Amino acid sequence: MVYAIIRAGGRQEKVSVGDFVTLNRVAGEVGGTIELPALLLVDGDKLTTKAADLAKVKVTAEILEDLRGKKIVIQKYKNKTGYKKRQGHRQELTRIKITGIK
């Protein structure tokens, strides 16, 4: 079994070929391909961690769609002062499909 640990969207993800991953928004068009940096590669019993060897590893992915996450509500309140503040946030996300680890 071949899998890799990649850095994408400010996080690390364990991926193998055919996996669908949702990341923070990455630059690129829907239907395009991107390359992600590998931090670790496992190929059966062989483990690759050296930076020089990982520079040769290519993890490619296809961008499936751009979407937005669930809305979170931020509320601040201070008792007896009349202070209250409400704010919302929706994270920009990208769904990708891993197409190759070479």
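Counting from 1, the numbers follow the sequence of the chain as shown. What's counted below: heavy atoms across the whole structure, side chains too, no hydrogens, waters or symmetry copies. The structure displayed is predicted, hence computed values, not measured ones.
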Contact summary for Ser16 and Ile98, nearest pair of heavy atoms: O-CB, 3.5 Å
For the residue pair Gln87 and His89, establish whether any side-chain heavy-atom pair is separated by less than 4.5 Å. no
For Arg90 and Lys70, indicate whether the former's side chain and the latter's backbone hold a donor-acceptor pair under 3.5 Å. no
With rounding to the nearest 0.5 Å, note down the distance linking CG in Asn24 to CZ in Arg11. 6.0 Å
State plainly whether one hydrophobic cluster holds both Val26 and Leu93, where clusters connect Ile, Leu, Val, Met, Phe, Trp and Tyr through side-chain heavy atoms under 4.5 angstrom apart. no
Val59 versus Ala4, closest heavy-atom pair with distance: CG2-CB, 4.3 Å
About how many Å separate NZ of Lys46 and CG of Asp53, when rounded to the nearest 0.5 Å? 7.5 Å
Step by step, would you call Gln91 with Arg68 a side chain to side chain contact (heavy atoms under 4.5 Å, CB included)? CA-CA 6 Å; Gln91 186 67 36; Arg68 297 180 78 192; over 6 Å; no
Are Ile63 and Glu29 close enough that some pair of their side-chain heavy atoms sits under 4.5 Å apart? no
For Leu36 and Val15: C-alpha separation, side-chain torsions, deciding distance, then whether side chain to side chain contact (heavy atoms under 4.5 Å, CB included) applies. CA-CA 11 Å; Leu36 301 166; Val15 297; over 6 Å; no
The single option from Thr60, Asp19, Thr33 passing side-chain hydrogen bond (donor to acceptor under 3.5 Å, both in side chains) against Thr99: Thr60
Heavy atoms only: give me the nearest Val57-Ala38 pair and the separation to one decimal. CG1-CB, 4.0 Å
Hey, quick one: are Tyr3 and Leu47 part of the same hydrophobic cluster, counting side-chain heavy atoms closer than 4.5 Å, chains of contacts allowed? yes
Close side-chain approach of Leu41 and Ile101, heavy atoms under 4.5 Å: yes
Is Arg25 reaching over with its side chain to a backbone N or O of Leu67, donor-acceptor style, under 3.5 angstrom? yes
Could you tell me whether the side chain of Thr94 and the main chain of Leu23 form a donor-acceptor pair under 3.5 Å? no
How long is the straight-line distance from NZ of Lys50 back to NZ of Lys56, given to the nearest 0.5 Å? 10.5 Å
Does a side-chain heavy-atom distance below 4.5 Å link Ile6 with Leu39? no
Thr22 meets the side-chain hydrogen bond (donor to acceptor under 3.5 Å, both in side chains) criterion, sequence neighbours left out, with Arg95
Which atom pair, heavy atoms only, marks the closest approach of Val17 to Gly100? CG2-CA, 4.1 Å
For atom CZ of Arg86, is the number of surrounding heavy atoms from other residues, nucleotides or ligands below 6.0 Å larger than 12? no
